[in-house]
Protein chains: 2
Amino acid sequence: MLVPPKTSCLNIPEIEKLLRSNKVQPSAQRIAICRYVLCEADHPTVEDVKSWADKNFPRMSLATVYNTLNLLANVGLVRQLRFPHLDKAVFDANMEPHHHLIDDESGRIIDVPIDAVNVETNISKTYDIHETSIIFNGTRK
Amino acid sequence: MLVPPKTSCLNIPEIEKLLRSNKVQPSAQRIAICRYVLCEADHPTVEDVKSWADKNFPRMSLATVYNTLNLLANVGLVRQLRFPHLDKAVFDANMEPHHHLIDDESGRIIDVPIDAVNVETNISKTYDIHETSIIFNGTRK
DNA sequence: TTACCTGCAAACTCTTTGCACCGCA
DNA sequence: TGCGGTGCAAAGAGTTTGCAGGTAA
């Protein structure tokens, strides 16, 4: 139930195709970042991506990391999230609608499928609600 | 139902008492900021408080605004919030548990009483949930 | 060749901090 | 008088931007 619907790992040609189909020129840097963010990483920060790049991709600048992540967010391949307990943005490759659970012990951010939650509210009488995002804070039992 | 449970307007002696009871020395600057944040303002940013101070309180520095708001947050008179669509922190004087509705047309943040919402989730089988915070995005019907 | 992607550095915004001054208890 | 609150400026973190050079189509 809490298993995140992780994007299955893509190989390089698949990533190239994915980028092209989103009208993004597949440069080496962009493919590398996609491999990490779409497959390997779990709610990475910019810093996480940069650290990974420093180890796995020679001489990638921080600006490129920012530019690429923003680009991926703009075309809808990732989503930028901000949580109250974090001062920096994190990126989420799970583009399905879902909620989040913060494990207060580990700090980990865990995806919660939309159908694991049921929300009813009477504010929908007054407002058209387009989006409902829930952050649970908890600890493992 | 959507009327925010606004802190009723306090006069200066009441604010002094409130500060003292929270072990905060009631300086002129702190009282002024409290008057604005607790009574007049609605989810103000630091910038909002600073602008207000520039008009209503002579020569208050930005550092004092930050220090005071952080102090008020630490003693539990206000809460610091971060929303995904805003890059800066906002402060909420409503200390009752509640959720938030972002009016996507005006950008306004509206308090939603806790009992206007009912949430059920099966993740509570695996996790002890201490807190549930919901952000609705919507537009007025 | 040309378009555009990257790296670098500087700039920008938000926030915190160090320090000297000042005022109130 | 002394503690502590304030103002100022500088520093710090995260992020964006401008520009020159390079790379791939």
Side-chain angles (χ1 to χ4, degrees), chain A residues 12-13 15-17 19-20 22-37 43-54 56-75 77-91, chain B residues 12-13 15-17 19-20 22-37 43-54 56-75 77-91:
Chain A
I12 292 180
I15 291 175
E16 281 200 47
K17 200 157 84 176
L19 288 174
R20 279 190 219 281
N22 282 280
K23 314 245 183 293
V24 174
Q25 198 69 239
S27 73
Q29 288 85 343
R30 289 171 180 174
I31 292 171
I33 288 179
C34 278
R35 284 184 71 180
Y36 178 64
V37 172
H43 300 97
T45 62
V46 169
E47 196 188 354
D48 292 332
V49 178
K50 181 65 166 75
S51 305
W52 178 88
D54 286 343
N56 297 276
F57 196 101
R59 299 177 53 74
M60 191 187 300
S61 79
L62 184 57
T64 295
V65 174
Y66 272 103
N67 289 340
T68 301
L69 287 172
N70 287 342
L71 180 64
L72 296 179
N74 286 338
V75 301
L77 284 172
V78 302
R79 193 186 312 200
Q80 180 175 316
L81 302 176
R82 262 168 213 281
F83 292 97
H85 69 303
L86 289 177
D87 43 352
K88 33 190 159 182
V90 307
F91 289 84
Chain B
I12 292 179
I15 291 175
E16 280 198 49
K17 202 157 82 176
L19 288 174
R20 279 190 220 280
N22 283 280
K23 313 244 184 295
V24 174
Q25 197 70 239
S27 71
Q29 290 86 342
R30 289 171 180 175
I31 292 170
I33 288 178
C34 278
R35 283 184 71 180
Y36 178 64
V37 172
H43 301 97
T45 62
V46 169
E47 197 189 354
D48 292 333
V49 179
K50 181 65 167 74
S51 306
W52 177 89
D54 287 342
N56 297 276
F57 196 101
R59 299 177 53 73
M60 191 188 299
S61 78
L62 184 58
T64 295
V65 175
Y66 272 103
N67 290 339
T68 302
L69 288 172
N70 287 341
L71 180 63
L72 296 179
N74 286 338
V75 301
L77 284 172
V78 302
R79 192 186 311 199
Q80 180 176 317
L81 302 176
R82 265 169 212 281
F83 292 97
H85 70 302
L86 289 176
D87 44 351
K88 32 191 160 182
V90 307
F91 289 84

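Quick note on labels: first sequence line is chain A, next is B, and so on, each numbered from 1.
- Smallest separation of non-hydrogen atoms from A:Val78 and A:Leu69: CG2-O, 4.0 Å.
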Distance-only donor-acceptor hits, side chain of residues 23-35 of chain A, under 3.5 Å, sequence neighbours excluded:
residue: A:Ser27; atom: OG; partner: A:Arg30; partner atom: N; Å: 3.2
residue: A:Arg30; atom: NH1; partner: A:Gln25; partner atom: O; Å: 3.0

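- In this structure, the side-chain contact (heavy atoms from CB on, under 4.5 Å) partners of B:Asn56, at least two apart in sequence or on a different chain, are B:Trp52.
- For DNA chain C, the outermost nucleotides in 5' to 3' order that have an atom under 4.0 Å from a heavy atom of chain A are C:dC5 to C:dA9.
- Looking at heavy-atom distances under 4.0 Å, A:Asn70 makes contact with sugar-phosphate atoms alone, never a base.
- Atom NZ in A:Lys50 sits 8.5 Å away from atom CE in A:Met60 (nearest 0.5 Å).
- A heavy-atom distance below 4.0 Å to DNA chain C is reached by these residues of residues 22-31 of chain A, ordered by number: A:Gln25, A:Ser27, A:Gln29, A:Arg30.
- Residues passing the side chain to side chain donor-acceptor pair (under 3.5 Å) test with A:Asp48, sequence neighbours excluded: A:Thr45.
- Under the 4.5 Å side-chain criterion, counting only non-hydrogen atoms from C-beta, A:Val46 is in contact with A:Leu62.
- Here the OG1 atom belonging to A:Thr64 is positioned 11.0 Å from the CZ atom belonging to A:Arg59, to the nearest 0.5 angstrom.
- For the atom pair CG of A:Leu19 and CG of A:Leu72, the computed distance is 7.0 Å after rounding to the nearest 0.5 Å.
- Reading DNA chain D from its 5' end, the first and the last nucleotide to sit under 4.0 Å from a heavy atom of chain B are D:dG5 to D:dA9.
- When all heavy atoms of A:Asn70 and A:Gln80 are compared, the pair lying nearest together is OD1-OE1, 3.8 Å.
- You'll find the side chain of B:Leu77 stays beyond 4.5 Å of the side chain of B:Leu71, heavy atoms only.
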